[in-house]
Number of protein chains: 2
Amino acid sequence: MRSNVAKKQLESKTTSSVASRPYRIEEQVGYLLRRAHQRASAIFQVGIGDPNITPTQYSSMVKLNEYKELSQNLLGRLVGMDKATMQGVVRRLKERGLVDSRPDPGDARRTLLSLTTEGNRLVAKLLLNGPAVSRETLKPLTQQEQRQLLDLLSKIA
Amino acid sequence: MRSNVAKKQLESKTTSSVASRPYRIEEQVGYLLRRAHQRASAIFQVGIGDPNITPTQYSSMVKLNEYKELSQNLLGRLVGMDKATMQGVVRRLKERGLVDSRPDPGDARRTLLSLTTEGNRLVAKLLLNGPAVSRETLKPLTQQEQRQLLDLLSKIA
DNA sequence: ATGTCATCGTGTGTATACGAACGATATGGG
DNA sequence: CCCATATCGTTCGTATACACACGATGACAT
């Protein structure tokens, strides 16, 4: 009998729980992550303090504020963006005078990025609103649930 | 002294926890949701069984499979997509012969959508892989953590 | 019946997001 | 030194994602 249990788990059960629950799209992680991300982005847009700054632009500027100077590729890795995506983000930030670039003197393949004075001023202002945006996004949860969610997301991200 | 503590909490503390933690972009919900969603999408792409089907196309087809026929707008609400986004998704599915449309006889504003025979065949095949995709995405978590995450995401989505 | 307001689908513009291909440059082994 | 390989940034193509404006249609009150 025990071997039957083991065998059953090896068979192509669609869920690993004992009772195979119906497959509902609204209960799948990917779907829920997409919806949650949509809501977080919407809250960010109205709460960060500048309607023209997107979440990815914000995280890029925060990282540049932290490191002073970074190659475009390394910045992309730090904020989790494809190099093609990074290229567009950086181009727009440069067009708005928030970011400056110069060739890396030690490696001609690299472009070094840094915040301009205006970029520094803007990110300082946005950073004041950052915590409120996160708080608003987590508002439906209790303190304990908020910590749990951040913990679980860190594990699967 | 007690009044000082109370006062401190009323002052513009950036986090509501007792000790104000440094603001790290990697610990913010929005950032973690973006990264987790990226990973989920990557797993979907390799695991769903058809590299040309995206997560949103998949959820649209699953819903059409469930309801047989839906107006474009209602489908968008059911899967959490803007009507402009929905328009593009539907157009591509129609171009590939997976979805059909006809004017709603009772309301000339509406377009009724349904799966074609080929669409039905495809979604049936993809649905076999759906559970494995979700399982793989949740793999870093224990059973209990998986349930917790789905629960917490439902609350904030 | 008419006018107001809402809804539906479309089109446009902007911004991620990523695979793929490309040229320029760097690195390490022979 | 030279060649194979890897890295860096760019470009192209495709696909969400959403705000906004538009025209057509429906619903409803007067």
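All values below were derived from every heavy atom in this structure, side-chain atoms included, with hydrogens, water molecules and symmetry-related copies excluded. Residue numbers begin at 1 in each chain, while the letters A, B, ... track the order of the sequences.
Within the structure, side chain to side chain donor-acceptor pair (under 3.5 Å) contacts touching residues 71-90 of chain A (residues at least two apart or in different chains) are A:N73-A:R77. Applying the side chain to side chain donor-acceptor pair (under 3.5 Å) definition to pairs two or more places apart or across chains, those involving residues 148-157 of chain B are A:E145-B:K155. For residues 41-54 of chain B, every residue pair satisfying the side chain to side chain donor-acceptor pair (under 3.5 Å) rule, not counting sequence neighbours, is listed here: B:T54-B:T56.
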Pull out every protein N or O sitting under 3.5 Å from an N or O of nucleotides 13-16 of chain D, one pair per line with the distance.
| residue | atom | partner | partner atom | Å |
| --- | --- | --- | --- | --- |
| D:dA15 | OP1 | B:R96 | NH2 | 2.7 |
| D:dT16 | OP1 | B:T54 | OG1 | 2.4 |
| D:dT16 | OP1 | B:T56 | OG1 | 2.4 |
| D:dT16 | OP2 | B:Q57 | NE2 | 3.0 |
| D:dT16 | OP2 | B:R92 | NE | 3.0 |
| D:dT16 | OP2 | B:R92 | NH2 | 3.3 |

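Taking 4.0 angstrom as the limit, A:R77 places none of its side-chain polar atoms (N or O) nearer than this to OP1 or OP2 of D:dG9. The shortest distance between the side-chain N/O atoms of A:Q87 and the OP1/OP2 oxygens of D:dG9 is not below 4.0 Å.
Here B:K94 pairs with B:V90, B:V99, B:S101 under the side chain to side chain contact (heavy atoms under 4.5 Å, CB included) rule; sequence neighbours left out. Partners of A:A36 according to the side chain to side chain contact (heavy atoms under 4.5 Å, CB included) rule, which considers only residues two or more places apart in sequence or in another chain, are B:L33, B:L153, B:I156, B:A157. Scanning for salt bridge (Lys or Arg N to Asp or Glu O under 4.0 Å) contacts around B:E27 gives B:R21, B:R24, with sequence neighbours left out.
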TODO: Would you sort out whether B:Y67 and B:L75 count as a side-chain contact (heavy atoms from CB on, under 4.5 Å), showing the intermediate values?
DONE: CA-CA 9 Å; B:Y67 285 84; B:L75 174 57; over 6 Å; no
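As a member of the Ile/Leu/Val/Met/Phe/Trp/Tyr network built from side-chain separations under 4.5 Å, B:V46 groups with nothing else and remains a singleton.
One finds a salt bridge joining B:E69 and B:R102 here, because a Lys/Arg side-chain nitrogen approaches an Asp/Glu carboxylate oxygen to under 4.0 Å. Salt bridge present: B:K63 and A:E26 bring a charged side-chain N and a carboxylate O closer than 4.0 Å. Taking the charged nitrogens against the carboxylate oxygens, A:K139 and A:E136 do have a contact shorter than 4.0 Å, which makes a salt bridge.
Protein chain B contacts DNA chain C over a range whose 5' and 3' limits, counting nucleotides with an atom under 4.0 angstrom from a non-hydrogen atom, are C:dA6 to C:dC18.
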Side-chain polar contacts of residues 105-114 of chain A - donor-acceptor pairs under 3.5 angstrom, sequence neighbours left out - could you list them?
| residue | atom | partner | partner atom | Å |
| --- | --- | --- | --- | --- |
| A:D107 | OD1 | A:R109 | N | 3.0 |
| A:D107 | OD1 | A:R109 | NE | 3.1 |
| A:D107 | OD2 | A:R109 | NH2 | 2.9 |
| A:D107 | OD2 | A:R110 | NH1 | 2.6 |

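A heavy atom closer than 4.0 Å to some atom of DNA chain C occurs in no member of residues 60-76 of chain A. Near DNA chain C, meaning a heavy atom under 4.0 Å away, the residues from residues 102-109 of chain A are A:D107, A:A108, A:R109.
Place A:T111 and A:Q45 on DNA chain D by their nearest nucleotides, and A:T111 ends up nearer the 5' end.
Put simply, CG on A:L112 is 12 Å from P on D:dC8, counting in whole angstrom units.
Between atom CD of residue A:E66 and atom OH of residue B:Y23 there is a gap of 11.5 Å, rounded to the nearest 0.5 Å.
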